[in-house]
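Down below is the structure, laid out as C-alpha cells.
Predicted model only: the values in this text are computed from it and were never measured. Throughout, residue positions are numbered sequentially from 1 according to the sequence presented.
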Amino acid sequence: MASDIYDLAIIGGGINGVGIARDAAGRGLSVLLCERRDLGAATSSASTKLIHGGLRYLEHFAFRLVREALTEREVLLGIAPQIVRPMRFVMPHAAELRPGWMIRLGLFLYDHLGGRKRLPASAGIALGGHPAGGGLFPERTRGFVYSDCLVDDSRLVVLNALSAAEKGAVILPRTSCVAACRERGWWNLTLRSVGGLETDTRTVRARALVNAAGPWVSETLDRVVSVPSSRAVRLVKGSHFVVPRLFRHDFAYVFQNDDDRVVFAIPYEDDFTLIGTTEVEYTGDPYEARITEGEISYLRAAVNRYLRTPVDAEAIVWSFAGVRPLLDDVADDPSVVTREYYLEIDQPPGKVPVLSVFGGKITTYRKLAERALEMLKPALGFTAGSWTGGDPLPGGDIGDGGPGGFARRLCGQYEWLPEELARRYARTYGTRTHVLLDGIGGLKEMGRHFGHHLYEAELHYVLAHEWAASAEDILWRRTKLGLRLDASGRAALEAWIRKTPGPALSN
C-alpha cells in the first residue's frame, strides 16, 4: 500500500464497491478497497448477464427504477461497448397469461421512459415468418420484440476496479476487514490477508467508510463496524444453467411463466444458451449458493412449454447461483421484492461517517455510486462533480464498428493473430488487448497453449493487471473459458499457476 491514510475506505469488491471506488478516485480522493475473496466473486458474477430496465417491474409501477435503469443502459453501452452489446428479445405471446394490450402498453413505456437513442424500438411480430419463430411450438403465432443489452458482469466489475486503480485507488482482493472503529476523527480498519497468519494484518485510517458488502452488508455492520441499522436485506437466490446452443439465430427469448415471472433463454458465448433465473428465499452462506434439482425442473418446464426441442437436464454444461441482497420491503413473494437500492449513512455528531449500501441491481451501479459520493461530500469536502458517464471504462475506446470492427483491425495490425482469438480479445479486453500483446511478434511468442486459444501471454496479463490468482478467477470471471477447457487443460492451468510467482500488479 502506498499509504496508511485514505479519504475513503470501501468494504466489498462487488459491482457497487468498485463503482464507488472508481467514482471517488476520479474525483481526486484517495481510496482503498478490500474484498475478502476475488473481485465480483459472489452476486456480481452470478447475474443473468443483462443490462436492462426490467420490463416486468412496470407491472409493479416501479417507474422511477425502470427509467433510471433504461437511462443507464444507454450510458453503459457507450462507456463499455467491448463487454455490453445490444440484443433483441422475443417474447412469444401467451394470451392466457397476459393480454396483448398490456404487453403493448408496457413496451411503449419501455421504449420511451429512458430516452432510448442507440437501440431499436419494440414491435409486434408474426412468429411464423420470423427467425425466432422456427424453434417454437406452432401455436405460438404472435409475439413481441424489444431491445436490451447483454453484459459480461464479472468483467464489468474488473474494469471498474482497473479504472479506479488507474486513478490511484488501492484495490485489495483476498483481504478481509476484520475490525473497524471510530477513533479521534478517523475510521481505524484492521485488514488481514485471507488465509494469512494473525501477523498478516495492518491498520489503515480513513476519513469515511463505505459498507458495500452485498449479502453481508448487515453482518458487516453488526460484526465489523458495530453500528446499528434500521434497514435489512432480504436474500433471494437466482439460479441459472447453460446448455449447448438451442437455436442458431441471435435473438434471445423471454418466456412468460404461469407464476407471473419470466424466464430468459439467451445466446451465450457463441456456442451456448443461458437459461434463468429463479427467485427463491435463501438463508445460508451466500458463497455456498447452488442450483437445486427443483430449480432446474422449474427452468426446464418454463422453456419447454415454448420450445419444440425440449431442454434435458443431462445437457447442462454449467450452472451457477447468486444471492441477491434485495432491500427488504416485507413483500410476501420474493419475485416482487423491490430492486430499488437504499443508501444509509450513519454519522453521529462529531463522528466520521459510514455509508451502507442496501439492495440495487447491476444496471444502476453507476448511479448508485454517484449518489453515494454526493452523500459523502459534506464529510469529505471535495468539489469535483460526477464524471463516470462520459469516460470509457478501460479498453472501451474501440471506435466505430463495435467489437467486430475492432477485431478486424486487430487482425490487420497483428497479422499472425487467429481471427477467433481476435474476436474474443476484442469483446473481453477491448483496446487493452494492445497491453496484452505488447512486445509479442507471433503466435509462438504467446507461450504455452492450454487449449482453446488460452496462452501464457493472456495468463500473465490477467495475473499482472486484473488481480486474478487462481484457475477459477481466470476461467470463470476474467474469461468464460471454463465452458470450453477440458479437465486436463484445467489441471495443467492450475499446476502452472502454482508454479508461477504472483506478480506485482501494474495497471
Side-chain angles (χ1 to χ4, degrees), residues 47-52 54-56 85-100 102-104 106-107 110 119-152 238-278 291 293 295-320 404 423 427 480 483-484:
S47 76
T48 312
K49 322 301 182 191
L50 297 179
I51 297 295
H52 67 141
L55 179 61
R56 74 182 182 91
R85 62 186 178 98
M87 181 162 284
R88 295 288 270 171
F89 288 75
V90 169
M91 177 187 291
H93 185 216
E96 70 277 15
L97 299 179
R98 288 176 178 87
M102 178 184 292
I103 297 175
R104 285 191 293 271
L107 289 174
Y110 208 66
L119 301 173
S122 61
I125 56 173
L127 289 172
H130 193 275
L136 303 175
F137 285 122
E139 59 264 29
R140 306 297 180 183
T141 60
R142 303 286 305 172
F144 305 88
V145 61
Y146 68 94
S147 297
D148 263 324
C149 293
L150 194 66
V151 67
D152 187 328
S239 296
H240 308 74
F241 63 73
V242 174
V243 295
R245 189 154 183 171
L246 297 173
F247 36 85
R248 300 316 306 175
H249 59 75
D250 291 328
F251 292 87
Y253 288 114
V254 186
F255 295 136
Q256 299 178 74
N257 204 12
D258 53 13
D259 59 0
D260 291 332
R261 298 189 63 257
V262 296
V263 170
F264 294 96
I266 303 170
Y268 190 62
E269 295 294 315
D270 294 333
D271 300 318
F272 302 93
T273 300
L274 170 67
I275 294 175
T277 179
T278 59
I291 195 170
E293 291 298 325
E295 288 175 295
I296 291 174
S297 297
Y298 170 88
L299 293 173
R300 289 181 56 237
V303 299
N304 286 346
R305 70 187 298 172
Y306 293 88
L307 294 177
R308 290 188 186 187
T309 302
V311 176
D312 294 324
E314 294 76 15
I316 295 173
V317 297
W318 180 43
S319 65
F320 60 92
R423 287 198 302 268
R427 67 188 189 192
K480 292 297 180 288
L483 287 166
R484 304 182 186 278

What pairs with R300 under salt bridge (charged side-chain N to carboxylate O under 4.0 Å, His left out), at least two apart in sequence or on another chain?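 Not a single residue meets the salt bridge (charged side-chain N to carboxylate O under 4.0 Å, His left out) criterion with R300.
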Would you find a donor on one side and an acceptor on the other, under 3.5 Å apart, between the side chain of [X] and the backbone of [Y]?
X	Y	result
S122	V145	no
R88	P120	yes
N304	V311	yes

For the residue pair [X] and [Y], establish whether any side-chain heavy-atom pair is separated by less than 4.5 Å.
X	Y	result
R308	P138	yes
R305	N257	yes
V303	L246	no
L483	D271	no
T278	I291	no
L307	L136	yes
V243	I316	yes
Y306	R140	yes

Closest approach of [X] to [Y] (non-hydrogen atoms, all atoms of both residues):
X	Y	result
P267	R85	O-NH2, 4.1 Å
D270	R245	O-NH1, 2.8 Å
F255	A302	CB-O, 4.2 Å
D258	L97	CA-CD2, 3.7 Å
P244	V317	CD-CG1, 4.0 Å
S47	F320	O-CE1, 3.4 Å

F89: which of F144, Y146, Y110 passes ring pair (Phe, Tyr, Trp, His ring centres under 6.0 Å):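 It is Y146; the other options fail the test.
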Counting neighbours of CD on E293 that are heavy atoms of other residues, nucleotides or ligands and sit closer than 6.0 Å, is the number greater than 12? no
Cationic N near anionic O, under 4.0 Å, R427 to D152: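 Judged by the 4.0 Å cut-off on N to carboxylate O distance, R427 and D152 do not form a salt bridge.
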Would you give the length of the straight line joining atom [atom1] of [X] to atom [atom2] of [Y], rounded to the nearest 0.5 angstrom?
X	Y	atom1	atom2	result
I266	D148	CD1	CG	9.5 Å
L55	I103	CG	CD1	8.5 Å
S147	M87	OG	CE	11.0 Å
M91	I125	CE	CD1	11.0 Å
L150	L50	CG	CG	6.0 Å

Among R98, R261, E96, side-chain hydrogen bond (donor to acceptor under 3.5 Å, both in side chains) partner for Q256: R98
Please work out which of the three classes, parallel, tilted or perpendicular, describes the rings of F264 and H52, given edges at 30° and 60°. perpendicular
What verdict does the side-chain contact (heavy atoms from CB on, under 4.5 Å) test give for K480 and F272, after you've listed the backbone C-alpha separation in whole Å, the side-chain angles of each residue and the deciding distance to 0.1 Å? CA-CA 11 Å; K480 292 297 180 288; F272 302 93; over 6 Å; no
Under the criterion side-chain contact (heavy atoms from CB on, under 4.5 Å), I'd like the reasoning laid out for V90 against V254: C-alpha separation, chi angles, the key distance, then a yes or no. CA-CA 6 Å; V90 169; V254 186; over 6 Å; no
